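A short write-up of the structure that comes next.
We number each residue from 1, following the sequence as shown. Since we're looking at a predicted model, the values are computed, not measured.
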Amino acid sequence: MIKMQRIARKWSEQMAAIIDGKKISAEIKEEVKQEAALLAEQGRTVTLAVVQVGNDPASSVYVGNKKKACEYVGFQSLSYELPEETSEEELLRLISELNGRKDVNGILVQLPLPEKISEAKVIQAISPDKDVDGFHVQNVGRLSVGAPGFVSCTPAGIIELLKRSGILIEGRECVVVGRSNIVGKPMAALLLAENGTVTVCHSRTKNLAELTRRADILVAALGKPKFITADYVKKGAVVIDVGIHRNAENKLCGDVDFASVEPVASAITPVPGGVGPMTIAMLMVNCLKSAQREEGVR
Ligand code: GUN
């Protein structure tokens with residue numbers, strides 16, 4: 001019996017803590033719901049305009065989930081489902097109208113857009129005060145100089161996951177794999193703002209494993225299924241998996257090979273149920289923030 005217990009303890013010591021994004025995102029949505037109820041008592045409704053151009057099935061799922069989350073926390077969502085043939089000019093006209101509406105707190109244009117529409121132009125057309133995705137250059141600039149503004153939801157969600165799991169960032173080696181505008185770059189800026197020592201790796205990085213093995217906190221956002229194996233991870237590291245892929249058997253997996261890395265890590269996010277649910281929770285936080293800002297403060 002004693003031997004059994006010893007084996008059990010030894011085994012449990014080797015297991016990484018699973019960072020439960022589903023639970024933490026649910027807590028955040030509850031907090032947002034309470035704040036939205038306080039605004040409702042003053043007769044104020046938080047409103048998010050969700051714009052989708054075309055009917056890409058993956059985008060439709062994401063957009064549907066965003067609208068569901070709005071309903072759950074007590075926000076109003078305005079849905080704009082535009083046909084694939086919509087011109088850039090028509091989309092810009094809609095954004096201009098939504099920018100001018102006092103009752104709209106947030107504007108989200110689901111990406112990707114059809115090829116003939118410039119994503120950069122569309123993102124820059126959204127008022128920075130309603131840019132709840134945090135993609136506008138003004139918000140990106142604010143993040144880089146440490147000024148308040150909207151922050152991209154996925155990296156903001158990762159910081160919440162770390163903080164709410166009691167994981168210290170300050171002074172620790174943080175390695176981000178991936179340099180996208182939506183995740184990698186803002187992730188690096190946020191970890192730096194938390195006083196982490198940050199390295200950003202990407203597809204041209206030489207000796208990737210050498211760098212990732214230095215990480216106390218490793219964020220995998222490179223977009224390649226199961227790329228990060230145990231060879232890339234230092235014993236005891238915290239591993240955050242941003243990837244989401246569907247394999248041939250229709251099963252979801254991340255950028256991290258969970259089965260290989262989990263015995264090496266001290267904590268790890270699963271896919272699904274890790275980073276994914278945090279993105280929408282942080283979108284709700286951004287919409288709430290937008291509504292809570294007093295006029296004239298913007
Ligand atoms: N497409 C994939 N992720 C996102 C996101 O976070 N925001 C928007 N607007 N489009 C996306």
Side-chain angles (χ1 to χ4, degrees), residues 19-52 59-81 94-95 97-110 126-136 139 142-143 147-167 186 190 193-194 269 272-298:
I19 301 174
D20 189 346
K22 222 169 144 186
K23 181 164 160 258
I24 295 172
S25 67
E27 286 165 9
I28 293 171
K29 281 191 280 183
E30 280 313 314
E31 291 162 16
V32 172
K33 193 175 180 177
Q34 284 177 20
E35 292 289 321
L38 290 179
L39 288 176
E41 280 172 16
Q42 303 164 23
R44 291 159 70 190
T45 307
V46 182
T47 301
L48 172 66
V50 182
V51 182
Q52 185 183 356
S59 288
S60 299
V61 172
Y62 289 131
V63 162
N65 288 339
K66 288 168 189 180
K67 289 187 219 163
K68 260 190 240 159
C70 282
E71 197 180 330
Y72 180 79
V73 300
F75 294 173
Q76 185 183 28
S77 66
L78 305 176
S79 185
Y80 295 87
E81 288 163 20
L94 171 62
I95 291 170
E97 180 203 318
L98 294 170
N99 281 343
R101 276 179 61 167
K102 281 219 157 72
D103 62 326
V104 172
N105 307 105
I107 302 169
L108 182 141
V109 178
Q110 187 65 25
I126 297 171
S127 162
D129 296 328
K130 298 188 180 186
D131 167 40
V132 285
D133 260 326
F135 295 166
H136 193 285
N139 283 315
R142 285 174 165 271
L143 172 63
F150 292 117
V151 178
S152 182
C153 299
T154 301
I158 291 170
I159 295 291
E160 281 299 313
L161 277 183
L162 294 171
K163 286 188 173 174
R164 289 176 187 240
S165 304
I167 294 163
L190 285 170
E194 296 293 335
T269 60
V275 172
M278 295 301 290
T279 301
I280 291 186
M282 297 314 288
L283 176 67
M284 298 299 106
V285 170
N286 279 351
C287 292
L288 178 72
K289 267 191 207 164
S290 180
Q292 283 174 332
R293 284 182 181 178
E294 283 171 7
E295 291 204 14
V297 175
R298 282 178 176 165

N/O donor-acceptor pair under 3.5 Å between [X] side chain and [Y] backbone:
{"X": "Ser290", "Y": "Asn105", "answer": "yes"}
{"X": "Arg44", "Y": "Ala291", "answer": "yes"}
{"X": "Lys130", "Y": "Leu98", "answer": "yes"}
{"X": "Asn286", "Y": "Val151", "answer": "yes"}
{"X": "Asp131", "Y": "Ile126", "answer": "no"}
{"X": "Ser165", "Y": "Ile167", "answer": "no"}

If I take atom [atom1] from residue [X] and atom [atom2] from residue [Y], how far apart are they, to the nearest 0.5 angstrom?
{"X": "Lys66", "Y": "Ser79", "atom1": "NZ", "atom2": "OG", "answer": "12.5 Å"}
{"X": "Ile107", "Y": "His136", "atom1": "CD1", "atom2": "NE2", "answer": "10.5 Å"}
{"X": "Lys23", "Y": "Arg164", "atom1": "NZ", "atom2": "CZ", "answer": "10.5 Å"}
{"X": "Gln34", "Y": "Glu30", "atom1": "CD", "atom2": "CD", "answer": "7.0 Å"}
{"X": "Thr154", "Y": "Ile159", "atom1": "OG1", "atom2": "CD1", "answer": "12.5 Å"}

Student check: side-chain heavy atoms of Asn139 and Asp133 closer than 4.5 Å =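 A side-chain contact under 4.5 Å is absent here.
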Is any side-chain heavy atom of Gln76 less than 4.5 Å from a side-chain heavy atom of Cys70?
->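 The answer is no; the side chains never approach within 4.5 Å.
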Using the test side-chain contact (heavy atoms from CB on, under 4.5 Å), find all partners of Gln52 that sit at least two apart in sequence or belong to another chain.
->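 Gln52: side-chain contact (heavy atoms from CB on, under 4.5 Å) contacts with Ser59, Ser60, Val63.
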Would you please name every residue forming a salt bridge (Lys or Arg N to Asp or Glu O under 4.0 Å) with Lys22, sequence neighbours left out?
->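 With neighbours one apart ignored, the set is empty.
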Just jot down the side-chain hydrogen bond (donor to acceptor under 3.5 Å, both in side chains) partners of Ser77, sequence neighbours excluded, or say none.
->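 Checked Ser77 against side-chain hydrogen bond (donor to acceptor under 3.5 Å, both in side chains); zero matches.
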